[in-house]
Structures are given as structure tokens and as C-alpha cells.
Q: 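For reference, the structure I am asking about is given below.
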Amino acid sequence: MPITPATATHSSSNGTADAILLELVDENGVTIGTAEKLTAHQPPGQLHRAFSVFLFDERGRLLLQQRALGKYHSPGVWSNTCCGHPYPGEAPFAAAARRTFEELGVSPTLLAEAGTVRYNHPDPASGLVEQEYNHLYVGLVQSPLRPDPEEVGDTAYVTSAELEARHAEDPFSAWFMTVLDAARPAIRELTGHSAGW
């Protein structure tokens, strides 16, 4: 597994682990400060910067990720290819590419911006709140996956019709449909209308 600030254990001078900080933003996405990751997700939630990635194969199928059971937030549920939070001061595009490689072992091809979406999604299972200003990205995956088992429980490539059937049966993240719907115009541009997205 790649060692990054998100996965490495850091010790401060008093022997405690350093907190992972998120970038707090206002309603226009302007940075206004930072907060510790778990604190930002406690009810009612603090609005923070996030990203969501949607990668497709050469057949126009979406790569889904099932979140590992050890995740503190939404474990075991299906979601988009990759999602997460930039470090304070890190460009969302760079964070999206970095985390996609860390979690799935692939570097996206033709990764492109697909807009932003702001939402507030409480997660009934954990009691945490996703209060996010989310930067969306779409792209292609053209190499074999090497998922990190600490991050990813499973993966699947699905057509639009297969996603609809799976979404009716399997648990998905609270934010999934919101980010997918917001990214659809860019997804259609990438995959073409015949793919059905």
C-alpha cells in the first residue's frame, strides 16, 4: 500500500497521532478554514471540500467500488469509483488522481472536470453527516486494477441498466445518486449517448 499522509502513522512531539485535516469552505467553495476529519462529519456536519471520481472502461461501463468493511464511514456499501477529501491547500484534481491510485492502483486516463455539487446527506447507519462541496471528475481506466484491501472491499464494472438493478438490491453510499446525477452531462460527453448514461 502506498504511504501517504492519509495512510501513514505520524507521531507528534507528545506521542499522539497527527489529525487528518479537511478544508472547510463557504457555500461558494471558498476556503474558510480547516477541521479534523471526524469532527467535520459529526452532526450537523461542517461544509468541507470533497471530490468524486467516475471512471469508465472502453465499453462505457462505470467502475464501482465497494467500500472496505474497516472504513469508519459507510463501510461495505457500493459507491462511485473513488471519493475523498483533498488535504488543505491541495488541488481537488490532484487529490482525485492521487486517491484513485492509492485506492485502486490505477492512474486515470483523460481525467476531466465535471462540475461541482453541494449536498447534505446524513448517514443513518453511522450517524455521521456528509456536508460537502464536491468536485466531480470523469475519466477512463485502461489498466488492470490493484485495489488496496484496506480501502476497497470489491469492484465491479456496470452498464447503466446493470447499475439500476444493482442499486435496487445492494446498499449504496448516501451521496452516490447525488454525485452521479450531477456528473451525468460530463459522463455522456465522455461515453457517448449510446452508453445510456
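Here the structure is a predicted model, which means the values were calculated and not measured.
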Q: Measuring from atom CG of Leu62 to atom CZ of Phe56, what distance do you get when rounded to the nearest 0.5 angstrom?
A: 4.5 Å
Q: Quick one: are Val117 and Trp175 in side-chain contact, heavy atoms under 4.5 Å?
A: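 Side-chain contact under 4.5 Å: no.
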Q: Identify the heavy atoms of Pro122 and Pro124 that sit nearest to each other, and give their distance.
A: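 Heavy-atom minimum between the residues: O-CD, 3.4 Å.
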Q: Do you reckon Val179 sits in the same ILVMFWY cluster as Val53, going by side-chain contacts under 4.5 Å, direct or chained?
A: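 Val179 does not cluster with Val53.
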Q: Would you find more than 12 non-hydrogen atoms of other residues, nucleotides or ligands less than 6.0 Å from Gln42 atom CD?
A: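 Yes, the 6.0 Å shell around CD holds more than 12 heavy atoms from other groups.
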Q: Might you work through the side-chain contact (heavy atoms from CB on, under 4.5 Å) test for Leu180 and Leu163, ending with a clear yes or no?
A: CA-CA 11 Å; Leu180 175 63; Leu163 174 62; 3.7 Å; yes
Q: Is any side-chain heavy atom of Leu22 less than 4.5 Å from a side-chain heavy atom of Lys37?
A: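 Heavy-atom side-chain distance check passes, below 4.5 Å.
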Q: Please state whether the rings of Phe93 and Tyr137 are parallel, tilted or perpendicular, taking 30° and 60° as the class boundaries.
A: perpendicular
Q: Name all residues meeting the side chain to side chain donor-acceptor pair (under 3.5 Å) criterion together with Glu27; count only those two or more places apart in sequence or in a different chain, and write none if there are none.
A: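 Glu27: side chain to side chain donor-acceptor pair (under 3.5 Å) contacts with Arg118.
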Q: Would a line drawn from the ring center of His85 to the ring center of Tyr87 be shorter than 6.0 Å?
A: no
Q: Any side-chain heavy atom of Leu63 within less than 4.5 Å of one from Asp57?
A: no
Q: Tyr157 and Phe172: same hydrophobic cluster, using ILVMFWY side-chain contacts below 4.5 Å?
A: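 No, it is not one cluster - the side chains of Tyr157 and Phe172 are not joined through contacts under 4.5 Å.
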Q: Is any side-chain heavy atom of Asp154 closer than 4.5 Å to one of Leu64?
A: no
Q: So, for Ala35 and Ala40, which heavy atoms are closest and what is the spacing to 0.1 Å?
A: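 Minimum heavy-atom contact is CB-CB, 4.2 Å.
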Q: Do Thr100 and Val106 come within less than 4.5 Å of each other through their side chains, counting heavy atoms only?
A: yes
Q: With Glu23, which residues qualify under side-chain contact (heavy atoms from CB on, under 4.5 Å), at least two apart?
A: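 For Glu23, the residues satisfying side-chain contact (heavy atoms from CB on, under 4.5 Å) (neighbours in sequence not counted) are Thr31, Arg49, Pro88.
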Q: Pairs under 3.5 angstrom only: tabulate donor-acceptor contacts from the side chains of residues 190-197 to other protein residues two or more places apart or in another chain.
A:
| residue | atom | partner | partner atom | Å |
| --- | --- | --- | --- | --- |
| Thr191 | OG1 | Ile187 | O | 2.9 |
| Trp197 | NE1 | Gly60 | O | 2.9 |

Q: Is it true that Phe101 and Leu145 fall in one hydrophobic cluster, defined by side-chain heavy atoms closer than 4.5 Å?
A: no
Q: Hey, any chance Val129 and Met177 share a hydrophobic cluster, counting ILVMFWY side chains that come within less than 4.5 Å of each other, even indirectly?
A: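 Not linked; separate clusters.
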Q: Please name all residues satisfying salt bridge (charged side-chain N to carboxylate O under 4.0 Å, His left out) with Asp170, sequence neighbours left out, ordered by chain then number.
A: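 So Asp170 forms a salt bridge (charged side-chain N to carboxylate O under 4.0 Å, His left out) with Arg166.
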Q: Measure across Asp26 and Asn28 and return the closest heavy-atom pair with its distance rounded to 0.1 Å.
A: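 Residues Asp26 and Asn28, closest heavy atoms: OD1-N, 2.8 Å.
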Q: For the residue pair Phe176 and Phe54, categorise the inter-ring angle as parallel (less than 30°), tilted (30 to 60°) or perpendicular (more than 60°).
A: tilted
Q: To the nearest 0.5 Å, what is the distance between SG (Cys83) and NE2 (His73)?
A: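 It comes to 9.0 Å.
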Q: Heavy atoms, side chains only, cut-off 4.5 Å: are Gln65 and Asn80 in contact?
A: no
Q: Quick one: OG on Ser160 to CZ on Arg184, what's the gap to the nearest 0.5 Å?
A: 6.0 Å
Q: Which heavy atom of Cys82 sits nearest a heavy atom of Glu103, and at what distance?
A: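 Between these two residues, the closest heavy atoms are SG-OE1, 3.7 Å.
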Q: Check whether any side-chain heavy atom of Gln46 lies under 4.5 Å from a side-chain heavy atom of Gln131, and answer yes or no.
A: no
Q: Working to the nearest 0.5 angstrom, can you tell me the gap between Leu128 CG and Leu38 CG?
A: 6.0 Å
Q: Got a sec, which residues hit side chain to side chain donor-acceptor pair (under 3.5 Å) with Glu113, two or more places apart in sequence or on another chain?
A: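 So Glu113 forms no side chain to side chain donor-acceptor pair (under 3.5 Å) with any residue.
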Q: Which atom names give the shortest non-hydrogen contact between Leu136 and Ala182, and what distance separates them?
A: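 Looks like CD1-CB, 3.5 Å.
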Q: Out of curiosity, Thr116 OG1 to Tyr133 OH, how far, rounded to the nearest 0.5 Å?
A: 3.5 Å
Q: If only atom types and distance count, is the side chain of Thr109 paired as donor or acceptor with the main-chain N or O of Gln142 below 3.5 Å?
A: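 Not at all, since once roles are kept as given, no pair shorter than 3.5 Å links the two residues.
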Q: Do the non-hydrogen side-chain atoms of Glu36 and His41 ever get within less than 4.5 Å of each other?
A: no
Q: Is Leu47 reachable from Tyr119 through a run of hydrophobic residues whose side-chain heavy atoms are each under 4.5 Å from the next?
A: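 No, separate clusters.
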Q: Taking only Lys NZ, Arg NE, NH1 and NH2, and the carboxylate oxygens of Asp or Glu, determine whether Glu162 and Arg61 approach each other closer than 4.0 Å.
A: no
Q: Identify, with sequence neighbours excluded, every residue that meets salt bridge (charged side-chain N to carboxylate O under 4.0 Å, His left out) alongside Arg67.
A: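 Not a single residue meets the salt bridge (charged side-chain N to carboxylate O under 4.0 Å, His left out) criterion with Arg67.
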Q: Check whether any side-chain N or O of Asp123 sits under 3.5 Å from a backbone N or O of Ala174 as a donor-acceptor pair, and report yes or no.
A: no
Q: Looking at CZ of Phe51 and CD of Glu132, how far apart are the two atoms once the value is rounded to the nearest 0.5 Å?
A: 10.0 Å
